[in-house]
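The block underneath contains the structure these notes are about, expressed in structure tokens.
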Amino acid sequence: QVQLVESGGGLVQAGGSLRLSCAASGVTFTRYSMAWFRQAPGKEREFVAAISQRTGSTPYADSVKGRFTISKDNRKNIVILQMNSLKPEDTALYYCAASETVIMSQLRSRSAYQHWGPGTQVTVSS
């Protein structure tokens, strides 16, 4: 059974950094594309970043491009989201997602991911 567990969230001041981790179990990790999504109160869950298992391509949401970096360690079965220059609008519950079947054109789509973690809270104060 696939399990994803996020960690690394917390409270940080604007301009600061956080490093989120997502540990995966019950998967052949190299077969999976991974992504981060986030959901702020009263808003829909939105795409943040993804990494394709097929090509290594890493698309980002425009709002985080240049500030966030996604990476995947296939030996440790983890995916990392390094978040720099954080802004108050980055405050949200951050979710890790995994898919063995997602195609390149769907990497940004919530519906393409079958497995989700419970989320980790990120709060950025101004």
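Positions are given from 1 along the sequence. This one's a predicted model, so the numbers in the text were calculated from it and none came from an experiment. Scope of the values below: all heavy atoms of this structure, side chains included, with no hydrogens, waters or symmetry mates.
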Are the side chains of [Y] and [X] in contact, using a 4.5 Å heavy-atom criterion?
X      : Y      : answer
Ser52  : Met104 : yes
Tyr32  : Val102 : no
Met83  : Tyr94  : yes
Tyr95  : Thr120 : no
Arg19  : Leu81  : no
Thr123 : Val12  : no
Ile80  : Trp36  : no
Ser7   : Leu20  : no

Give me the atom names and distance for the closest heavy-atom approach of [X] to [Y].
X      : Y      : value
Met34  : Cys22  : CE-SG, 4.3 Å
Ala14  : Ser126 : CB-CA, 4.3 Å
Pro59  : Arg108 : CB-NH2, 3.6 Å
Pro118 : Leu93  : O-CD2, 4.3 Å
Ser109 : Ser111 : OG-OG, 3.0 Å
Val79  : Cys96  : CG1-SG, 3.8 Å

Worksheet entry | Hphob cluster co-occupancy, Ile51 + Val2, side-chain heavy atoms under 4.5 angstrom |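 Yes; Val2 is reachable from Ile51 via cluster members.
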Next on the checklist: Is there a path of hydrophobic side-chain contacts, each under 4.5 Å between heavy atoms, that joins Phe37 and Ile70?
Outcome noted: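 No; Ile70 is not reachable from Phe37 via cluster members.
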[atom2] on [Y] to [atom1] on [X], rounded to 0.5 Å:
X      : Y      : atom1 : atom2 : value
Thr58  : Lys72  : OG1   : NZ    : 12.5 Å
Tyr113 : Leu4   : OH    : CG    : 12.0 Å
Ile78  : Glu6   : CD1   : CD    : 13.0 Å
Gln106 : Thr101 : CD    : OG1   : 8.0 Å

What residues, two or more places apart in sequence or in another chain, satisfy ring pair (Phe, Tyr, Trp, His ring centres under 6.0 Å) together with Phe29?
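Here no residue qualifies.
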- Message: Check whether Trp116 forms a cation-pi arrangement with Arg110 (NZ or CZ under 6.0 Å from the six-membered ring centre, at most 45° off the ring normal).
- Response: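 No, Arg110 and Trp116 do not form such a contact.
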For residues 75-92, which residue pairs qualify under side chain to side chain donor-acceptor pair (under 3.5 Å), counting only residues two or more places apart or in two chains?
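Sorted result for residues 75-92: Ser17-Asn84, Arg38-Asp90, Arg67-Asp90, Gln82-Asn84.
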Legend entry - side-chain hydrogen bond (donor to acceptor under 3.5 Å, both in side chains) between Ser99 and Gln114, intermediate numbers included: CA-CA 6 Å; Ser99 174; Gln114 298 82 32; 3.1 Å; yes
Is the centre of the Tyr60 ring less than 6.0 Å from the centre of the Phe47 ring?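 Ring centres of Phe47 and Tyr60 not closer than 6.0 Å.
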